[in-house]
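Residue numbers start from 1 in every chain, and the chains themselves are labelled A, B, ... in the order their sequence lines are given, proteins ahead of strands.
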Amino acid sequence: MQGIVGVFRELDATVDAVHALKKLRAGNIDIYTPAPRHELEHILTHRASIVRLYTLLGGLAGATFGYWIPIWISDYWPLVVGGKPVPSWVPYTIISFELMVLIGSLATVAGLFITARIPRITMTVGYDERFSNANFGVWVECPPDKQADVTETLKQHGATEVRGER
Amino acid sequence: MSENPTPSGVRRREFLKILGAGGVATAAIGCSSDRVEKLIPYLNHPDETVPMVSNYYASTCRECSAGCGVLLETRDGRTFKLEGNPDHPLNRGALCARGQAAVQGLYNPDRYRGPMVRNASGQLVPTTWDAALKLMAQKLGAVQAGGRAGSALFLNRHESGSFPAFLDEWLAAYGMPAHLSVDPLADNAVIAANRQSYGVSWPWLAFSAAKLIVSIGADFLDAWGANVPQQLEFADARARLADAPRFVYVGPRRSLTGCNADQWIACRPGSELAIANALSGKGSLDEAATASDVPVATLQALRAELTGTRPSLVLSGASGTDAMELALAVNELNRQLGAVGTTVLPDRAITSFDGIATDADVNAAIDAMRAGQVPLLMIRGANPVFTTPRYVAVADALRKVPFKVSFSSYPDETSELCDLVLPDHHAIESWGDAQPMANVISVQQPGMAPVYDTRQTADVLITLAKANPGIASKFAAPNYMRWLIDRYPGGSTSFTLALEKGVGTGTVAASPAPRRPPATPKSAPSISQTAGDMYLVVYPSASLGDGSGANKPWLQEFPDPVTKICWQSWVEINQQTAVKLGVDTGDILRVKTAQGAVEAPAYVFMGIHKDTVAIPFGLGHTAYGRYAAGIGVNPADVLPVGFDAKSGAFAWTATKVTVTKTGAYTPIVTTEGSARQHGRGIAQALTVQELADLAAGREKEKVEAMPGMPNTEYLPGLRSPMAADAQGVVSSDIKHKEQGMYSPDHWSGMAKRRWAMTVDLARCTGCQACVTACYAENNIPTVAAPYQEVHTAFLHGVAGGNILKGREMNWIRLERYWEGGEDGGDFEARFVPMLCQHCGNAPCEPVCPVYATYHSPDGLNVQVYNRCVGTRYCSNNCPYKVRYFNWFGYGEPARPQYAWPERLSWQLNPDVTVRGKGVMEKCSFCVQRIREAEHRAKAEGRAVRPDEFTTSCAQACPSRAITFGDAADNDWTVAKLALDQRGYHVFQEQLNTFPAVVYLKKVNHPAPAASAGA
Amino acid sequence: MATVTRPDEDVLRLGPNIPHANIQLPGVAEYEQVTREIQRTLYPTKLWFAGLSFAILCMLIGAATWAWQVYMGLGVAGYSPPVMWGVYIVTFVFWVGIGHAGTLISAILYLFRAGFRTTIYRCAEAMTVFAIMTAGLFPILHLGRPWKFFWLIPYPSWRLIWPQFKSPLVWDVFAILTYLTVSSTFLYIGLLPDFAALRDAEPRPLRKHIYGVLSLGWRNSEMEWRHFARAYLFLAAFSTPLVLSVHSTVSFDFAMADTPGWHATLFAPYFVAGAIFSGIGMVFTIIIPIRRWFHLKHYVTLNHLDAAAKLCLFTSLVVGTAYLTEFFIGWIGGNSIEQSYWWNRVFGQWWWAAWVMLTCNCVLPLTLFVQKLRRNTTWLFTLSIFINLGMWFERFVIFDPSLSHEFEPWQWTRYAPTYVDWAILLGSFGWFTMWFMLFIKNFPVVAISEVKEIVPPRLRTPHPMEGIEVTGMHLEFEPETPGERD
Amino acid sequence: MTKRRKRVVVPGLAALAVVAVLLSAYTGATQQPDTVIKDRGSWGYSAGSSPQGRSPIQPIAFPHPTHVQTLGMNCLYCHFSANKSPDPGMPAVGTCMGCHLVIGPNRPAMNGRPARKSEGIATLQKYWAQKKPVPWVRIHHVPDYVNFAHMPHINAGVTCQTCHGQVQQMNRVYQYASLNMGWCINCHVGNVNPKWKARYDCSVCHY
């Protein structure tokens, strides 16, 4: 995996650069930004995140489990308390709800980790400390023959620094 | 029975030590402990015993003079419970609180471990029996040699039966005068009067035959006479509901007896005679009215009622300087009214009080000591230093006696002053007999081997006699038991037969000694002449008796039935007077006479005449062990020495006092929260009229809420909702098939039962015998002894701190509510025993997070101690507040609050787990008895028979107010009683709890003229 | 710039909302400033060490007292049956309540896109986590046998027995544990990008390494941000019903009982409102000193405090209404037992506690109707102390007068806490403060990346919408410009 | 070329530990009586939650096989109250001496069998001579809050061996069953023998 990373100071410059690169069809583009910006999200037109799926499944699993456990136990020890039916679903709804929230949120986090591929052991190439502070970064994964054009395009759109990484 | 018992019976007693100390460990390894435990077998197995199965030895209770029959429940060589002997004519299976507590005297941690002798430096030090007996023999010899045997003295705590005769024989053999038989509680005046009028010391009082009972200060339910048989009779009388006798109590203070009266006439102390005369017509009403501060109209009405009602019963128990005169007048009145033969039965006399020495005799003896005329004093059981006024200075008198021998088993005030202590067996360890009634012998046999190195006094005396060549021949019998059997009417065969039932027929050998010439008592001035601004009434505490009960934690923690105060002395003062003096409950009052003064907190009380203060007698010990010493004050300290001139009876009510407010304050140690019901219908009552209406069905709406009404559907086969709710179906829509073991069709069949209880408030007198019975049966810890004091409580190192915080553990408690009387007029006392109601819809169950409490198929509300984690939510949610929490390690020997210090732990019931720190506990309907009965039935291949067993409280109740059984089975008594028209559930209407306890309303008998509502 | 190709039209439409950003944080000019000024707060000071050690001391006092209580038994505390729940449960509910405002601000207001939450939510969320950690201790240390607390948790045991799921206490276990897990997860996920920023900005090697580990290799890539935003949204969406359910469940502990004064359908909403109210009070108590000592006044501006104060006022009114409703129901219900309880609550042994509660929770917050006071940090801080006090006494007044005055008159009693209760209460504050102290000097108290979202990014060409007059209804932020102490 | 390596803590060891604890705690209930490890020495433990298999050294190495199998004595001869009391009863020393007054430690060689010297009988007679009971070490023990009664079990036809194992074959008695609550319940619900199923709510044993 090799490519060019360009460091930008301004947001609109980054946007313009990405536009140009997309026209150039140099290769996969990824952007680093200190804070999420809609402009950048819309330039790289990705599908919506699938984290929601994890959330849904987790929530359903939790709710089911939350009903199953008390009902199974009521069946195991049929002891009457306070003259109430041994398996009584009303109080068990609370257990079910809490477990839905618990397992649902944990599943969401798991979903985030999986989809966003964290935790990461290595930073991989193309990252720069400045990207978490104030600068925007554009990483273009491209074969050596395209690197010249990409570098050129980035510079032209005002990249303060352009370097190749492998 | 003398070998080591197998540990299996004992082990359970230290239960939950594991859970307390090694809790974390046990959680991991599932509570199976791996300490090395030994299984110690018998060396030779006693034939009649089976390990972990109780034997019941019929014997006689010696806690008071009456001599009730008891069964000593003994297992693995230890007697751990006293139960009334059903075959005994006196107490018919009932037993009072003091009798129950005898076992705590047996295992008392402060008992003498063995003989003690006073050494050169004046300390009492342990010695051996040989040495002690040698010393004793030598002293006896010296006295005989000195020719002063004639003036030696033997004070014996009064008991009927053969021992007095034996003792007098022994004394006579040594040339000593007959012993003095001491009972500070005995009403010498009434006894003397009865002898004069009827020729017997205590006729049988047939309350149930009467239509009207008038008691002039006779507390026949507290400590006056033989209170258990009297209470049984009285309860039977009251159980006749509509035609039960009306009961009027005349006296300065409303005692427990007074609280059971339908009407209380408050009179000045000392005016009782005038009233009696007025009633009999001998005296004029006006004099009586002025003397007694009672409206003429009231006396008029009473006299009219008395003359108009037959048969009636009049009693007198006022202990003043004219006591005998009063008693004679009352006996005369009874004769006029034709009561003798109908309600007063001299031919069924109680003979327990025969041969009691008068207080004057004792006083004369003490004077003799003071004069140095007594060379040798022997005291057994009696404790004159405590029971006689300090003004008499018994201690000084004792110091004048060169050699004093005590046979007391406890370090009480008197024995602490003696030179030699030859500790006697406890009654549970000794042989003996009693003559409670004519031609009835109640035998006494040991339940177990001696706990400590003590010896029965009679045996000691025989040993001494044998050692004395001069008289050895007179005492051939090897020991007292043989001596008894030899003299027993019918010989050993009938003796053996008697041992089985506990009672035999016949009359024991009478004392050969001539009666001592009665001392001439110095008469005292009439109480109205004494100096002071208020009358002082000193009355014996219902639980502590003459103070001999004070070393038993059960009795100390036993709330006074009327004031509900424990571990404390108090001064009762009328509320109007209190307002006048600016006194409030808890303010410490100083009660002063010429003889001395005592200080105790005030208890503002409606039930006492406004010119009077009252202090209970029995507390204020300076010795007598860790539970008694330093608790409360002894009112005898302020009493002058005055006697009723005719009978020689000590006048307890003999002086006025000056009452001043010290300004100090101490919280009253009481179990009472609010003394009023606030209209919540906890203790309900009806008048005779309302009862009639009820019977005639004229009071439908009141009947609606009662069990048995078809307003709730229930399972077929189970009659009442009370029975059906065991399956939890009354208020829930649970389907029959979903019920599992709660369905009556379940193979276990448990759900066919519904354990339930009825409490008849018409019978209940509030005596609280059930409370002590519960403590005894269920290993309930006492929590308020001085050494158990918490330093976070209001008080430091003073008894009662835990009770001030409401932490008493009485699984069953007697609630005493006042009705009326806010205007200072007459008022009503309602007693209601409150215990776990074992609700069908128990609020406590669904809130427990760990199933530590749940509803068992047979209708019990079960508390699983070892599952409890101690969230205490159940108690928050219990409307009856009958759940009790172990705030400290009462059951853990390692803890400072351990409730059974060394040897008291032997009294623990091996069938019941001792609860550890941090768990909830409550009434279990004596589930251990239920299981035992089930096991026994299974072993015999049958079903549990109706009324086969009952709970401890029901068994002990001297009013027979409590009935326990299976409400789902018509053959049980309780099933019928539960449907009684007087029945009601507490809080059922508000909370729909469907309790298993049905209360039967009390029935009041208002004065014929003014028919006051209930 | 002629050489530059103009961005497409759609890009223009998506231009940064600069005016809004200006109004939010006028004192924050650019991204670097944010990272710099937040990173600057992570240097321990003497004052901080002093505070931390004091907190630890208090915590140790509480711990020692608890050990004594475990050894001796619960009797050393002031329980006087039937008052079976005392200071411990009161404090438990108090701390649970504190937690709620944090989740409200961080989650619910996030869903509502309430701008003023951005700078204060990190503190609030941390407060939530630590408050729940504190609250969670009390159900355990009020147990008679605390070493058995795990019996409330359904785990397979050789006894083959399980908790009793109909008991509100078991609901509590689930609710509290869920709440603790979810809110701490929420806090950590929010912290991820900030860890990354600190990882890259931190000069001190040890901390740099630690932040590196904590950041889980976060690298600010567009792809990460996209999933992050989604996940964060769903976590917020879960926390919202959770925060309502948790205190409702806690209120069930009481509403499910038949005790007079507890047995009311009002309890769930009443408790939730009270919880949020008390929580916001605690937020003020925490945020006002922090913004002063950490020199963050231009982040947490008066506008933010003003908005929060309005929320506080609103919840105070809700709580006040609940109080009145309770009394009204008690009166109109006609149940003599209830009525005697209400009388006892206001005129009984603890009458003054009831009046403290009413004063602190209903009367004093009314001052927030005055804008001057809403923007006066001194007054806000003072008021917040009163609110904390008042809310503690609210729980006390609800629980103990009820228990001491129940159905059975014979068992009516008086309750007085002992030194053990007070020491453990003190210990709980020490415990909470200890964790918070450790937090503020090791983690960013203001969310770096979220602040950057509302700070205008640097642009090459001036934005077409710049200079539009939109600063009408917004007052000046506190006149203290950044960099004054650089 | 800025490339950085970052370690990442992978939490989960804690979770594994928890699972392990729970499983170990669970084993007690699932343990089958025939899987116990025989003679583990005086303080041996079986896996799980009870001292199952524990086989302490007794003051007298009492050979059950000799008495039960060789001599054909009934359990109830020594444990006399098992069918009429909660407690099975330990034989009094006198009971042992009933026979061992005659049967001494030293047996001469007779009808084909060699002479033998019995330590146990010697010790027993020493105890008897000193009038001391034999301090047997307890093996089967349930906690004090469990009210286990032998009588109803025997009367229900549950054999001694069901809970105590083939004692008649044990030269040294060991704890045969786990005696865990789960083990009790397993029988009470009728899994062992449908005829033996009984109530299994808490108050049957805990009060």
Side-chain angles (χ1 to χ4, degrees), chain B residues 19-20 23-24 27 30 671-680 682 790-792 794 802 804-807 813 815-817 834 843 846-851 854 867-873 875-881 884-889 895-897 916-920 987 990-991, chain C residues 70 72-85 139 142-152 157-159 161-170 172-173 253-254 256-259 262 335-337 340 402-404 406-416 418-420:
Chain B
L19 297 193
V24 181
T671 61
E672 167 186 280
S674 163
R676 299 278 176 180
Q677 296 195 59
H678 302 267
R680 299 187 182 184
I682 295 160
V790 208
H791 288 281
T792 57
F794 300 105
N802 272 327
L804 280 175
K805 283 192 165 291
R807 293 169 179 173
R813 62 172 182 262
E815 300 185 350
R816 185 263 302 121
Y817 288 113
M834 183 55 67
V847 299
C848 176
V850 291
Y851 276 119
Y854 75 101
R867 179 63 174 169
C868 176
V869 297
T871 68
R872 309 187 295 293
Y873 199 173
S875 173
N876 279 352
N877 218 26
C878 172
Y880 309 92
K881 291 284 168 268
Y884 303 92
F885 188 70
N886 285 273
W887 297 105
F888 294 103
R895 306 282 161 182
Q897 285 84 7
K917 180 181 63 188
V919 303
M920 190 65 71
F987 295 147
Q990 294 96 318
L991 296 167
Chain C
V70 169
M72 282 298 283
L74 274 176
V76 294
Y79 295 107
S80 57
V83 179
M84 290 289 190
W85 287 355
H142 105 292
L143 285 183
R145 291 157 65 194
W147 52 87
K148 297 272 186 228
F149 76 94
F150 61 90
W151 282 357
L152 273 71
S157 90
W158 58 265
R159 292 186 208 77
I161 44 183
W162 301 85
Q164 202 269 89
F165 286 96
K166 300 186 194 73
S167 164
L169 295 183
V170 174
D172 261 5
V173 171
D253 291 353
F254 311 96
M256 293 287 160
D258 55 18
T259 311
W262 288 9
N335 179 339
S336 67
I337 295 176
S340 93
S402 320
L403 290 172
S404 60
E406 269 203 61
F407 292 91
E408 186 80 3
W410 192 256
Q411 293 292 81
W412 285 356
T413 181
R414 298 168 69 81
Y415 171 71
T418 66
Y419 70 93
V420 176

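Scanning both residues, C:S80 and C:Y415, for their nearest heavy atoms gives OG-CA, 3.6 Å. Closest heavy-atom contact between C:M84 and B:M920: CE-CE, 4.4 Å.
Proximity to chain C (any heavy atom under 4.5 Å) is restricted, for B:F987, to the side chain, taken from C-beta onward. With a 4.5 Å cut-off on non-hydrogen atoms, B:R813 touches chain C through its side chain but not through its backbone. Contact annotation for B:E672: both backbone and side-chain heavy atoms come within less than 4.5 Å of a heavy atom of chain C.
Most heavy-atom pairs under 4.5 Å with chain C, from the set B:R676, B:M834, B:R816: that is B:R816. Contacts with chain C were tallied for B:A675, B:P843, B:G870, B:C878; B:G870 has the most, counting heavy-atom pairs under 4.5 Å. Comparing B:N876, B:V850, B:V869 by how many heavy-atom pairs each has under 4.5 Å with chain C, the most go to B:N876. Interface remark: of the candidates B:G679, B:G889, B:G806, B:G806 forms the most heavy-atom pairs closer than 4.5 Å to chain C. Of all the listed residues (C:P409, C:P139, C:P146, C:G73), the one sharing the greatest number of non-hydrogen pairs under 4.5 Å with chain B is C:P409.
Between B:Y817 and C:W410, the angle of the ring planes goes over 60°, which puts this pair in the perpendicular group of the 30/60° scheme. Between C:F254 and C:W85, the ring-plane angle classifies as perpendicular under the 30° and 60° cut-offs.
Side-chain contact of C:R145 with B:T871: a donor-acceptor pair under 3.5 Å is absent, judged by distance alone. Counted by atom type alone, B:R807 and B:Y884 present zero donor-acceptor pairs between their side chains at under 3.5 Å.
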